[in-house]
Structures are given as structure tokens and as C-alpha cells.
Undergrad: 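One structure is given below, represented as C-alpha cells, and several questions about it will come after.
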Amino acid sequence: MDRGADAVTGIRFRRLLDQVTRVRGVRGALLVAGEDGLVVAEAVMEGVRANAVAALTGSLARRMRRTADAAGIGFPHFLHLQATTGAICAVPAADGTLVVAIADAEVNVGLLRLALLKVAEVMA
Amino acid sequence: MSDDIRAMTSELARDPGSLVFIPLGEALRARGQIEAARKVIRAGLERNPDSTDAHDLHARLLVDVGDLEGAEREWSLVLSADARHLGAHKGLGFLCYRRGDVDGALDHLELALSVDPADPNVLQALQTVRGVVAEGGRSAPAVPARHGEMAADTGPFSGVEGADRAMLLVDPRGRVLGGGLRNPAGIEVAETVAAQLAGVSQEAERTVRVLELGEWSSIVAEAADGNMFLCQALPDTILLLVRDRSVPPARMQVIAEKAAEQARAWIAGQTP
Amino acid sequence: MSLVNFSAREITCKIVYYGPGRSGKTTNLHYIYGRVPADRRGTMVSLATQTDRTLFFDFLPIELGTISGFATRFQLYSVPGQVYYNATRKLVLQGADGVVFVADSQARQLDENIESLQNLQANLLEQGVDVRAVPLVLQYNKQDLPPELILQQNELDDALNFRGLPSVPADALSGRGVFETLKAISALVLRRLSQESPK
Amino acid sequence: MSTMRAVEGWTVKPLERFVNEAGARLTLLMTPAGQVLAQFGFTRAVDVMAAAALGAAIVSSTAEIARLLEEPQFSALNHQGLRHGIFVAGFDSPRGRLLALVVYGTNSSVGLVQLFFEDFVRDLIAACPVPEERRPVLAEDFERELNQSLASLFRS
């Protein structure tokens, strides 16, 4: 196993995620294996349960994909769940991964969306 | 799609005994060309009377035209040849449920689930029927006689843009309360989407509960051929709005808020 | 350890058929499977090699019936007999409530029988279990073979059964002795449940 | 219309919560010897036993591999199929070591199962009663009934 290469990949992912966490109000950003709902890389504040964000967002994204498919509007490329004390946004990237952000309720969704799409684009 | 139909039609013309009449029938049915599909299937069955999939499709077409007895005969025939035919169990489960035979519906749906434990339609149907059982209701539940019948009632959203084709009000068990939804090809998809929406709402509730995000208020999905906006019109009622990509999510939220207000008034008016 | 459910009044016990390779452990299970009515037995699971030798275990659950008001269920396992499968033998032996030692009656197999019996003791000891505390029945299989090839029950008792355990001559292929063996081990296992505080 | 069955009552609530949250199709809670404590989703009791025997075998064989590799015991295993995944895990409880076998479909994921499995274990440990001294179960004269049961079993 090439541990050096792993470390380099880890740093690269971390740098990408930092572009998302820079947006004001973002509590954490993750790369998630969409189908499995597992964390691939994470940059989250203390107290954010990365594994829970990954599993639940992966599942919600799969469900929304099926709904969009049933409605005939194609593959979703941006997802936003708004709640009273927080928000989650997700964008699919290459190979079934998702770029996910968990944020305060008042986060600038427009900015966050752009940051996520940019990371997804770089990954592709 | 039409290219596919053309290709399958020519293949059938070349070889009238071919089983291509089944996907052709399915494709025609999906486009809403029920009569053409029936014609293809009837002709195909004359040459392939033992094809259980063809009988299954024939049964669904009979449901489409309201001949439920005929459909039941067809599906029973399928089961006598193949006791584990998924489509036949789904169909008979639906027919049992329609006439209020909840036990019969459960039997067929559970058998269907044992054939394909991952079939989302079976899972959703089982959830609905089990919900009826849990409520103690073994009497005939209110279900639409045909696909789309309920969805044609645009009551809650009269006057709202796209009320009959791009807006749905759905109860927590995935049943359409009002509105209508057509896919970009113009086919009614209200019930299929409604069945998925019940799951979306549960997903959202679970997500905000586990992550301690308070109550969820809306979900937006931007997709290749349209945008989707989802919110809770009432604590247990989901409102879905679908628009093409020219309508930004923020504007969809405004439309949804107006529609939700109307839906609340409509539901209050429906309650005795 | 047997599982006793007082509210549903159910008992579930694990019985392991142990013994050297090709002594007839799986044959016992197959015979039971064939004779027990379908509504009183479950799926027979076999993890076998391509040559049909037991690789990990064979497994057969049976419903014994109601005893002292308890619905009684036995889970029968057989272990691979070949010496080199000791790791899997140990795993299957975990939590056994009773053991049937299936010996091969052929005179030339005596050493294998002794070795396997010693291996049983060692494996139980490794799990902190004294072989004397485990219900154990010996079955002398293949008694149908020509007398000049096999040892008789008294000879096998002398060689293997120095603790005076129940022993049953058998021919598992034809079914002779299979039922008596199951009956003997059932009685021993259930007797423990009728006694005070078995550990 | 529940397909849940528990040999030991204290397992019911945690199991119910787990299958609802994780969207599990089938769940088995058992001892390392393959004795079932509770199950959800199985329709025939006998299939449960076969699954339990095989589940316990998976855990014990990987534990053995871990030992050979001089690794600490694996806490969980996941097998991903096309339509189903199988998740097998062990944990310590006041009842000793217990195992769980979870089968999930496309409406769940290994991430979800893992996430809610942590809660499941916590709930089970909290609900688990202190083991009682084993007491005599069967009446002294059980052997007559045993003989009758065995005779009817073999139709002899």
C-alpha cells in the first residue's frame, strides 16, 4: 500500500473542502461515497457528526434522485435541505461521490452552491 | 422513444412470432397509447399464449380501461403458470386493496416482496396497506379507480400556475390529495412521484432529528430538465412544485408559499 | 449454552456431531433430515467442498416438540473431521449444549477415533469447558461392515469410552442407531435443564 | 402484521427503533453460538436459524483470521451485493458477547446501518437485564414426553 500517495490525496481533498468551509456559516464540508453513505474526506467543526451527515445526506440524495427520475426531470445536480436551525447542501461529483456541506440556517445558499459546484467540477 | 417504437414495430413486422411485442406494448402504454398497446398485445398473445409477461401487461392494460375482472382473470392465469410472478402479485394486490380486501392485498404484496425485496413500488404499497391495517380499517379504502383520477382534482390550487400538471399535495403515506403532475413527455406521473415523496419526507425528518437541525422547512433539487421544490404545507402534508429550469428556486418558493396557503384553506374546508 | 425463553416457553439447544473424517457425521444429519416431517425441520445448510466433504459445518434445525410445556428446538451441527480443519471445528463447537461423537468402527480407524476424541477434549478445554461437564454420547458407526473389518461395541467402549458414557452401535446410512443416538443426547441435554443451576 | 419476534423481551424496543431508523429489511440478534435472541423481517422461523448459524460462522471465522493476523477483533463486516447488503457486527453486553446480522436494501446504505447500529448497541446495553442464576427449567419427568416427541418426529 502506498501510504505516501494516500496522504497526498488526503491533503488534496482537504484543500478542496477548505474552499467550502471558507463560506461564512458553514460548519463542515465532506466528500461522501453516495451509495454507501460513508465519509471519504471531511473538514468539520467540533461537534458535527461527520458519519451521520454522510449517511443521512447520501440517503436523502438517493431518494431525491428517484423522485426526480419519477418526475422525469433528470439527474439532480444540486440539493438543498433547509431547516429551522441549519441547512444541508449537496452536489454530486465524479464516481458517485457527493460534496456535502452542513451550515447555519442563515448561510448564503447562493455562495455555498457555487463553492460546492466548483469542488465537484475540480473533482470531475 | 418514437425511434424505439419504430424499431420494435419493424422487428415485429419482420418476425411476427418475436417477443418484441411485449416491450413494444410497454412503450406504447408508457406513451398513453392504450388502445394501440392492447392491439399489439392481443395479436402477440395469439402467437405466444404462454408468455406470462405478456399476460401481465395485458392485465395492466385491462386495468387502464377499467376492466378489473378481466385483469384479475389474466393475473390469476399468470400465477397458475408462475406462482412467483412479481407483476401478477403486484396487480392482484392492487385489485384486492381496491375492493377493500386488505388481507388479500397483504398476501399478494408480501409474496411480491419475497420475489423482489427491493421493488420500491411494492414497499410503498405494503407501507400503505399496513398503515390501513394499523388504523384498524379493514373496510374498502379510498383509492383511485384508475391512475390519475384523483390527481385530476386540482381543488387546492385553483388559480395557481401549473396547478393541474406541476404541483402536488401529498399525504404522509404517499397518497395524492390534490394537484397533478405530468412529466416533460406529458404523461401523468402524480402517483409514482407521490409514492416517492412520502419517503423523502421521512428522510428529511430523520436527517434533521439526528443532526439536531430543528424542523425541516423545504427541499430544493435542481436537475437537468427541471427544478423541484418541496415543503410542508401542513405538519403532515407535503407540497411539491416542479418547474422548468427557467424558474429559479427562490421564485418557486414564493409560488409554493402561495399554494401552501391555499392548500391549508382547502384542507380546512374539507374537514367536517 | 441453551437458550430458554420463559415467557414464550421455548428452549433452543445446540448439538454438535463430532468425530474423525468420513466417520458419518453428515450422514446422521442427512438421515434425520430425510425422516423428519418437513414442518418440523428447517433448511439444511451445508458448507461443503467440491468433493462434498464438510468444509465448515452442516446445520439442521429440528423442532422436537413440547416437553414440560416448552416448545423444544434442537440445532444440529456437524463439524469437518479432517485434522487440518481444526480452526473451524473449534468455532462450531462454541456454545454447544451437547456433543455426539461419531466414531468409525473400522479397526484400522481406531487411531483416528482416539486422536479426534482427544482433539475434542483439547478444543473444549481451550474454551474453558471440561469435557466431563458436557453431555456426550458416543456413536459407533459403520457396524454394518463385515465383522472382520470392524471392532465390536465392547471393544470400542474399552478403547474410547472409559467414562461409561451412553454408546450406540449404528449404521447411519441405513438409519440404524441414528434415532437412538439423538434420543440419548436429547435426554442428556434436557436432563441438565431439569437439574439445579447448571453452569 | 409485524414480522418481529423476540425471544427476550428487552430486545424489542431497541430492535424496533433500529429497523425503523436504519431501514433494515432483516435483522437478527444472536449469541456467538448462533442462538437467536430476536429477529425482524424473517417469515419462517427455520430460515432464521439457518441465517443465524451462517451469521455466527462469518463472525467466528473472521475473528479467527484476525487472530492469525494478530489484529484486534474486527468489529463489523459488510458485504455489498447488487440489491442487498449484509452487515454483521459483534458487541459486548451485560449478557456477554452478542452478534447482529443486518440485511438492507437499496433504500438504506452501509452508512445508515452503521450510524444507527451505534444507537442500537447503546439501547440494547441500557435495556439489558442483569443475567439471573440459571434455574431448573424442565420437570423431573420430562423423559416420557421426550420419548413421545422423538417417536412422533421419526414417525416410529
Side-chain angles (χ1 to χ4, degrees), chain A residues 27-28 30 37 44-45 47-92 98 100-110 112-114 116-117 120, chain B residues 30 120-121 124 166 168 170 174 181-231 238 240-245 248-250 253:
Chain A
R27 298 175 202 164
L30 307 90
V44 299
M45 285 183 185
V48 174
R49 291 169 67 194
N51 63 334
V53 176
L56 295 163
T57 311
S59 189
L60 183 67
R62 279 200 309 277
R63 183 72 77 160
M64 287 305 285
R65 202 171 61 218
R66 271 183 239 149
T67 310
D69 188 45
I73 59 167
F75 190 82
H77 52 79
F78 174 69
L79 194 71
H80 167 206
L81 168 73
Q82 183 64 46
T84 45
T85 61
I88 293 176
C89 292
V91 165
L98 286 172
V100 176
I102 180 163
D104 295 341
E106 303 76 22
V107 71
N108 182 331
V109 176
L112 181 53
R113 178 178 174 276
L114 289 176
L116 290 169
L117 286 168
Chain B
N121 295 330
Q124 187 61 49
L168 272 187
V170 175
L181 188 63
R182 289 178 186 277
N183 68 13
I187 297 166
E188 181 64 58
V189 290
E191 285 180 27
T192 327
V193 172
Q196 293 287 350
L197 284 181
V200 171
S201 151
Q202 284 161 10
E203 288 278 357
E205 271 160 32
R206 180 174 64 179
T207 303
V208 295
R209 178 166 38 80
V210 176
L211 298 177
E212 298 176 9
L213 299 178
E215 302 272 320
W216 76 275
S217 53
S218 67
I219 304 174
V220 172
E222 294 177 23
D225 300 321
N227 293 339
M228 220 157 62
F229 186 92
L230 210 70
C231 65
I238 307 155
L240 170 75
L241 210 69
V242 179
R243 290 292 184 273
D244 65 48
R245 293 200 56 197
Q253 184 169 356

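Note that the coordinates shown come from a computational prediction; the quantities given were computed from them, not determined experimentally. Convention: sequence-line order gives letters A, B, ...; per-chain numbering from 1.
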Undergrad: Report the distance from atom OG of B/S217 to atom CD of A/Q82, rounding to the nearest 0.5 Å.
TA: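 B/S217 OG to A/Q82 CD: 5.0 Å, rounded to 0.5 Å.
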Undergrad: Who pairs with A/R63 by side chain to side chain donor-acceptor pair (under 3.5 Å), at least two apart in sequence or on another chain?
TA: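 Listed in chain order: nothing, the list is empty.
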Undergrad: Do you know which of B/V200, B/D244, B/T192 has the most heavy-atom pairs under 4.5 Å to chain A?
TA: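 Most heavy-atom pairs within the cutoff with chain A belong to B/V200.
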Undergrad: Is B/E205 atom CD crowded by more than 12 heavy atoms from other residues, nucleotides or ligands, each under 6.0 Å away?
TA: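 More than 12 heavy atoms, drawn from other residues, nucleotides or ligands, come within 6.0 Å of this atom.
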Undergrad: Taking non-hydrogen atoms and a cut-off under 4.5 angstrom, which of residues 48-55 of chain A neighbour chain B?
TA: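 Checking residues 48-55 of chain A against chain B gives A/R49, A/A52, A/V53.
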Undergrad: So how far is it from A/I73 CD1 to B/L181 CG, rounded to the nearest 0.5 Å?
TA: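 A/I73 atom CD1 to B/L181 atom CG measures 9.0 Å (nearest 0.5 Å).
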Undergrad: Taking C-beta and beyond as the side chain, do B/L213 and A/I88 meet within less than 4.5 Å on heavy atoms?
TA: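 Side-chain contact under 4.5 Å: yes.
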Undergrad: Run the side chain to side chain donor-acceptor pair (under 3.5 Å) test against B/Q196 and tell me which residues pass, sequence neighbours left out.
TA: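 Here no residue qualifies.
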Undergrad: Is there any salt bridge (charged side-chain N to carboxylate O under 4.0 Å, His left out) pair reaching into residues 221-231 of chain B, and which pairs are they, with sequence neighbours excluded?
TA: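 Qualifying pairs, neighbours excluded: A/R113-B/E222.
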Undergrad: Looking at CE of A/M64 and CG of B/L197, how far apart are the two atoms once the value is rounded to the nearest 0.5 Å?
TA: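 Between A/M64 CE and B/L197 CG, I get 8.0 Å after rounding to 0.5 Å.
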Undergrad: Compare all side-chain heavy atoms of A/S59 with those of B/R206 and state whether any distance is below 4.5 angstrom.
TA: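 Heavy-atom side-chain distance check passes, below 4.5 Å.
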Undergrad: With a 4.5 angstrom heavy-atom cut-off, could you sort out which part of A/R62 is near chain B: side chain, backbone, both or neither?
TA: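 The answer is neither part of A/R62.
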